[in-house]
Amino acid sequence: MARRWLAPGEFKELVQIGAVRIDIETLTPLADYDVLVKPRINPVLSDYFVDLTGITNEAVSERGVDFLDAYNGFLDFCDGAPLSAFGRDDLILVDNARLYGITDLRPLPPYVNAVWTLLAGGVDPRGYHACDVGRLCGVPFEGHEHDALADARSVALGLQALVARGVQNPFAEFIR
């Protein structure tokens, strides 16, 4: 990340998938998904990454699963509900499959970029990360910054706060 994955042998390999299932009408958190992913190309995490995320090589070795298992578990968790993240995390999932030569992925559900809701709520997200979304919307951050689950909670609670203030629900088109 520090070099934007431009040095030889550097790739945006996923090491964690964290998600929060929400009620799309109230944006109330309902359940969490958190899984560590064993990187295939660069299996040893850098000190930079460990310091940034708090995820250790030992944790990945003990609890990590293969990308495809993590991806399929994530889709099972989503159960067809629309996805949202700060930025284009959907593309990172697809890029990892491509990086590993996986061509028969189950398709992702519809995707909503949370950045547009932040902008609609008068929040300028430039220069910030998913861990900052809750704070930008007036919600305290809990957990370790750049931990995927803590970041997902930050985004979910930030969106909930904006909608409570009158910003259009980003999932309105999916509510029946």
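- Atom OH in Tyr100 sits 7.0 Å away from atom CG in Leu14 (nearest 0.5 Å).
- Residue Phe77 is grouped with residue Leu68 when hydrophobic side chains (ILVMFWY) are merged at heavy-atom distances under 4.5 angstrom, including chains of intermediate members.
- When side chains are defined from C-beta on, Trp116 does not count as touching Pro170, because their heavy atoms never get closer than 4.5 Å.
- Heavy-atom minimum distance, Ala85 versus Tyr111: CB-OH, 3.3 Å.
- Hydrophobic clustering places Leu162 together with Ile175 (ILVMFWY residues linked when any side-chain heavy atoms are closer than 4.5 Å, directly or through intermediates).
- A salt bridge is absent between Glu62 and Lys38; no separation between the charged side-chain nitrogens and carboxylate oxygens falls under 4.0 Å.
- In the hydrophobic clustering of ILVMFWY residues, with side-chain heavy atoms under 4.5 Å counting as a link, Ile102 and Leu91 come out apart.
- The aromatic rings of His129 and His146 sit perpendicular, their planes meeting at an angle over 60°, well past the 30° parallel limit.
- A donor-acceptor contact shorter than 3.5 Å is absent between the side chain of Ser154 and the backbone of Ala150.
- Ser84 OG to Ile24 CD1: the interatomic distance, rounded to the nearest 0.5 Å, is 11.5 Å.
- Contact record, Gly80 with Pro109: O-CB, 3.8 Å, taken as the closest heavy-atom pair.
- Although no hydrogens or angles enter the test, the distance criterion places no donor-acceptor pair under 3.5 Å between the side chain of Glu145 and the main chain of Thr53.
- When the shell of 6.0 Å around OH of Tyr128 is examined, it contains 12 or fewer heavy atoms from other residues, nucleotides or ligands.
- Between Leu36 and Ile55 the shortest side-chain heavy-atom distance falls below 4.5 Å.
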- prompt: Where do Leu27 and Phe171 land on the side chain to side chain contact (heavy atoms under 4.5 Å, CB included) test, with the steps shown first?
  reply: CA-CA 9 Å; Leu27 304 186; Phe171 305 105; 3.6 Å; yes
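- Here Tyr48 contributes atom OH and Asp51 contributes atom CG; the two are 9.5 Å apart, rounded to the nearest 0.5 Å.
- Under 4.0 Å is where a charged nitrogen must lie from a carboxylate oxygen, and between Arg40 and Asp66 at least one such pair does.
- Criterion: ILVMFWY side-chain heavy atoms under 4.5 Å apart, direct or through other members. Under it, Phe11 and Ile17 are part of a common hydrophobic cluster.
- In Asp76, the CG atom is crowded: over 12 heavy atoms of neighbouring residues, nucleotides or ligands sit closer than 6.0 Å.
- Note: Gln160 CD to Thr28 OG1 = 5.0 Å, rounded to the nearest 0.5 Å.
- Residues Leu119 and Pro125 are in side-chain contact: their nearest non-hydrogen atoms beyond the backbone lie under 4.5 Å apart.
- Of the possible donor and acceptor atoms, one in the side chain of Asn96 sits under 3.5 Å from a partner among the backbone N and O of Lys12.
- Between Ile22 and Pro29, the shortest heavy-atom distance links the atoms CG2-CA, 4.0 Å.
- Here the closest heavy-atom approach between residue Gly158 and residue Val133 is recorded as CA-CG1, 4.2 Å.
- Under a hydrophobic clustering in which Ile, Leu, Val, Met, Phe, Trp and Tyr are joined whenever their side-chain heavy atoms come within less than 4.5 Å, directly or via other members, Val37 and Val60 fall into different clusters.
- With values rounded to the nearest 0.5 angstrom, Leu75 atom CG is found 8.0 Å from Leu93 atom CG.
- The OG1 atom of Thr117 sits 11.5 Å away from atom CZ of Phe86, with the distance rounded to the nearest 0.5 Å.
- No hydrogens or angles considered: nothing links the side chains of Glu25 and Asn169 as a donor-acceptor pair under 3.5 Å.
- No hydrogens or angles considered: a donor-acceptor pair under 3.5 Å links the side chains of Gln16 and Asp34.
- Here Arg153 pairs with Asp32 in a salt bridge; the nearest charged N to carboxylate O distance falls below 4.0 Å.
- Here the side chains of Asn113 and Asp90 are not in contact, with every heavy-atom distance at 4.5 Å or above.
- Closest approach of Gly121 to Val167, counting heavy atoms only: CA-CG2, 3.5 Å.
- Val44 places a side-chain heavy atom less than 4.5 Å from the side chain of Asn57.
- With Cys137 as the partner, the side-chain contact (heavy atoms from CB on, under 4.5 Å) test is satisfied by one option alone out of Leu157, Asp132, Leu118: Leu118.
- Counting heavy atoms from C-beta on, the side chains of Phe141 and Asp151 come closer than 4.5 Å.
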